[in-house]
Amino acid sequence: MREFVVAALSFPAALFTFLLLVVVGYWLFVAFGLSDVDALDGVDGAGAETLDGLGLGGVPISVALSLVISLSWFGCLVGTVLLSGSGFSGFAVAALSVLVLVVAVLVALVLTRLVVVPLRGLFDDRLAPTRSDFVGLLCVVRTGRVDRGFGQAEVTAADGSSAIVQVRQAGTEPLRAGSTAVIHDYDPEGEFFWVAPVDLDFPIN
């Protein structure tokens, strides 16, 4: 037990020991209903973009970070224990410790990416754009006309995904295939969006 504690508080495992305690505390809050799994998803910036760039998107940020931190800590812990019994000392131990840190993080990222793939299916419904997300967006008419009883258009959500939706317009201005319109309301009974023609020379604020 003493060797475990010493290894956990030694470089490089010590770098992740505190972070692991934060992760455990976070998930305890989630377990007791004091926080949500996606509590960190509202945080914008380089952190979220980096995770997406590493192929760790598609799940809540908390899940991806928890996996990376836990696996990195475990890898560093194993490496530290092995180094302690290797007989190396001084500069050799310091250099090998840095190598253990790099390898542990890289392996953690690879393993997390593998784990995230099947987990994405569990969060597809939560991450998929809702109908209300389309209101206020521009769309491109894909049918020959759009009137009070007929019409379809293609709309692109904020996450880059596109969808063909049913649209209607109350006005009489022609909306032909390829025309651009703005979605301004959704009709839940008819399950279609109300659109209006828009002149792209006058951007919507």
[X], [Y]: one ILVMFWY side-chain cluster at the under-4.5 Å cut-off?
X: Leu96; Y: Val103; value: yes
X: Val78; Y: Val105; value: yes
X: Leu56; Y: Ile61; value: yes
X: Val155; Y: Phe150; value: no
X: Leu20; Y: Val68; value: yes

Notebook entry, point to check: Hey, which of Leu114, Val116, Val110 is the one that makes side chain to side chain contact (heavy atoms under 4.5 Å, CB included) with Thr112?
Noted result: Val116

Notebook entry, point to check: In terms of the angle between their ring planes, are Phe134 and Phe193 parallel, tilted or perpendicular, with boundaries placed at 30° and 60°?
Noted result: perpendicular

Next item on the list: Enter the distance from Tyr26:OH to Ile69:CD1 here, rounded to the nearest 0.5 Å.
Entry: 11.5 Å

Check: How long is the span from the OG atom in Ser70 to the CH2 atom in Trp27, to the nearest 0.5 Å?
Finding: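 Result: 10.0 Å between the selected atoms.
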
Tell me if a side-chain donor or acceptor on [X] pairs with a main-chain N or O of [Y] at a distance below 3.5 Å.
X: Gln152; Y: Thr143; result: no
X: Thr17; Y: Ala8; result: yes
X: Arg168; Y: Gly151; result: yes

